[in-house]
Amino acid sequence: HTPTADPANLVIPVGAFPETDGTLVNQEGRAQRYYQAYMPAEPIMESWRWLAKLAEAAGRKELAGWAKLEDFTRALAQSNPVFQGIDELAPPSSWRINGQAVAREPHRYSGRTAMAANRNVHEPAPPADPDSALSFSMEGSGKPPSSIIPFFWSPGWNSAQAINKYQIEVGGRLHDGDPGKRLIEPGLSEAQYFEAIPAPWDRKKGAWQLVARHHIFGSEETSALSPAIRERSPMPYVALNTKDAAEAKIGEGDLVRITLPGREEQLPARLLDSLPAGVAALPYGLPDGPFVEGIPGVGIKKAEEQQRQ
């Protein structure tokens, strides 16, 4: 329970993506099916199952008969033309190879008995999956269609090294083609790129081009708020090329004054040989530091002694 749930009248435990089956649309506009990695504990369920139960409780008949994922995707495909075909992205849940479902777990999967040993020394039966042609088990068929490949493995090969066994040629398409269906097709006209090329920056004496410098710890917007990450984050600074700093009589750690649009900042200097001449860098994303990127003609001067103190 979190403060977010406090003002709610109804809180519904909906499964996260490893706990659910569904459809995703990638950057290509291709709809693809994804499958749950494990069966969640009750009462966690997929969003569409909760919708069906809420509709039933409210006396609505529109969602009656939703028992499997394919029932939901079929209704979705019929409701809007843009979704036509998403109910055909993968084989139905009744699909089998020689009477067997496709195994989610590789042959080397182990420890199934130990995982439940705190509850019962006998290995429980794997849960049934009504929504796909996959089984929560090591037992199952061989190579499945490309749309329901749970993992890459082949005798004598390990994990990603076995991908070539599933391809027509190394680096080529899968034997059954790319899984999914493109919902958005590219237009007939060719896009025009890189036509508005800015003029080269003509540096003037005493002016720097300001750019961003990313750090592993501190530059990512959410992790930077974590106390542990902030301890590893650098303090705010301005980085200068060593030769530029020598000409401006700025040394490592000296306090410098940066003239930004509408304001001034004072930061300690760091000298970096990797920076090109005429380029200054500010750390990106630090909560305690300023960030201005891509401004040409920024003035940087060594702070006066009185200001240093």
Side-chain angles (χ1 to χ4, degrees), residues 1-2 4-5 8 10-26 31-57 63-77 83 86-153 159-160 162 166 176 179-180:
H1 193 83
T2 67
T4 305
L10 181 65
V11 179
I12 303 174
V14 176
F17 73 91
E19 304 169 318
T20 61
D21 302 295
T23 306
L24 60 87
V25 180
N26 65 10
Q32 295 173 291
R33 189 66 43 80
Y34 67 88
Y35 299 99
Q36 60 190 136
Y38 60 94
M39 190 70 73
E42 294 184 353
I44 299 173
M45 292 190 300
E46 296 95 332
S47 305
W48 66 268
R49 291 191 191 276
W50 278 114
L51 287 174
K53 283 187 172 293
L54 292 172
E56 181 182 0
L63 312 186
W66 284 11
K68 301 179 181 181
L69 177 65
E70 53 206 60
D71 298 330
F72 165 66
T73 56
R74 187 182 305 111
L76 189 60
F83 295 124
I86 70 166
D87 54 334
E88 301 172 356
L89 299 180
S93 58
S94 59
W95 187 87
R96 295 291 186 270
I97 298 179
N98 297 326
Q100 291 185 313
V102 176
R104 273 181 170 87
E105 302 164 0
H107 293 161
R108 295 178 178 178
Y109 194 88
S110 61
R112 293 194 303 181
T113 302
M115 287 191 296
N118 62 319
R119 300 188 297 271
N120 196 319
V121 295
H122 300 287
E123 180 183 344
D129 185 1
D131 297 321
S132 75
L134 299 169
S135 67
F136 290 98
S137 172
M138 296 184 297
E139 294 78 23
S141 64
K143 289 183 180 179
S146 60
S147 57
I148 54 173
I149 295 176
F151 53 82
F152 292 109
W153 180 85
S159 60
Y166 293 75
D176 294 312

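What's counted below: heavy atoms across the whole structure, side chains too, no hydrogens, waters or symmetry copies.
- Between Ile97 atom CD1 and Ile148 atom CD1 the span is 6.5 Å, to the nearest 0.5 Å.
- Every residue two or more places apart in sequence or in another chain that forms a salt bridge (charged side-chain N to carboxylate O under 4.0 Å, His left out) with Arg49 is listed here: Glu46, Asp131.
- Between atom CD1 of residue Ile86 and atom CZ of residue Arg33 there is a gap of 7.0 Å, rounded to the nearest 0.5 Å.
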Next item on the list: Go through the steps for Glu56 and Trp66 under the test side chain to side chain contact (heavy atoms under 4.5 Å, CB included), then give the verdict.
Entry: CA-CA 10 Å; Glu56 181 182 0; Trp66 284 11; over 6 Å; no

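- Aromatic ring orientation, Phe152 versus Tyr166: perpendicular (interplanar angle above 60°, classes split at 30° and 60°).
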Notebook entry, point to check: Is there a side chain to side chain contact (heavy atoms under 4.5 Å, CB included) between Phe72 and Asp87 once you walk through the steps?
Noted result: CA-CA 8 Å; Phe72 165 66; Asp87 54 334; over 6 Å; no

Item checked: Evaluation steps, side chain to side chain contact (heavy atoms under 4.5 Å, CB included), between Val102 and Trp95 -> CA-CA 9 Å; Val102 176; Trp95 187 87; 4.0 Å; yes

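- No side-chain donor-acceptor contact under 3.5 Å links Asp129 to the backbone of Ser135.
- For OH of Tyr34, the number of neighbouring non-hydrogen atoms (other residues, nucleotides, ligands) closer than 6.0 Å is greater than 12.
- The closest donor-acceptor contact from the side chain of Glu19 to the backbone of Ala16 lies under 3.5 Å.
- For Arg74 and Asp71, the salt-bridge test passes: some basic side-chain N is under 4.0 Å from an acidic carboxylate O.
- Taken to the nearest 0.5 Å, the CG atom of Leu24 stands 5.5 Å off from the CD atom of Gln32.
- Judged purely by atom type and a 3.5 angstrom limit, Arg104 has no side-chain atom pairing as donor or acceptor with the backbone of Tyr38.
- Contact of the Leu76 side chain with the Thr23 side chain is not registered, since no non-hydrogen atoms from C-beta on lie closer than 4.5 Å.
- Annotation: the span from Thr20 atom OG1 to Met45 atom CE amounts to 12.5 Å, rounded to 0.5 Å.
- Rounding to the nearest 0.5 Å gives a distance of 5.5 Å between OG of Ser147 and OH of Tyr35.
- Checked by atom type and distance alone, the side chain of Glu70 pairs as donor or acceptor with a backbone atom of Ser93 at under 3.5 Å.
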